[in-house]
Amino acid sequence: MLIYAMSVSAYFEKGIYKIGEADGHKQLHKRKKTFQTYHPETVQVYALWDIGDMPKKSDNRLHTIFKEYKYGHGGTEFF
């Protein structure tokens with residue numbers, strides 16, 4: 001399981017990232033492609049953590065920790 005933080009340069013400069021999980025690199029690229037549809041700028045993965053065999057929905061813990069920083073955009077969560 002992978003936990004990622006991705007953004008575009010305009011949001012990166014403000015410290016705003018999309019945090020989520022992917023079950024391997026293939027799914028990570030799929031999520032990046034989906035995220036790209038919301039932005040004309042190129043989406044970059046700025047951080048990637050391999051959390052091993054952790055259960056799905058592990059990113060929910062991060063979403064809970066950072067919930068006061070939630071910023072909605074196109075149905076996608078940014079922190």
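What you see is a predicted model; the values in this text were computed from it and never measured.
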Validation row: [X], [Y] side chains within 4.5 angstrom (heavy atoms):
| X | Y | value |
| --- | --- | --- |
| Met6 | Tyr46 | no |
| Lys32 | Tyr4 | no |
| His25 | Leu2 | yes |

Nearest 0.5 Å, what's the [atom1]-[atom2] distance between [X] and [Y]?
| X | Y | atom1 | atom2 | result |
| --- | --- | --- | --- | --- |
| Lys33 | Thr37 | NZ | OG1 | 10.0 Å |
| Gln44 | Ser7 | CD | OG | 9.5 Å |
| Asp53 | Met1 | CG | CE | 9.0 Å |

Counting N and O atoms only, with roles assigned by atom type, does the side chain of Arg31 sit under 3.5 Å from a partner on the main chain of Glu21, one being a donor and the other an acceptor?
-> yes
With distance as the sole test, does Gln27 use its side chain to make a donor-acceptor pair with the main-chain N or O of Lys30 at under 3.5 Å?
-> no
Report the residues that fulfil side-chain contact (heavy atoms from CB on, under 4.5 Å) with Ala5, sequence neighbours left out, ordered by chain and then residue number.
-> Tyr17, Ala47, Trp49
Evaluation steps, side-chain contact (heavy atoms from CB on, under 4.5 Å), between Leu48 and Leu28 = CA-CA 10 Å; Leu48 185 64; Leu28 175 67; 3.9 Å; yes
Provide the closest heavy-atom pair for Glu41 versus Ala10 in the form atom of the first, atom of the second, distance.
-> OE2-CB, 3.4 Å
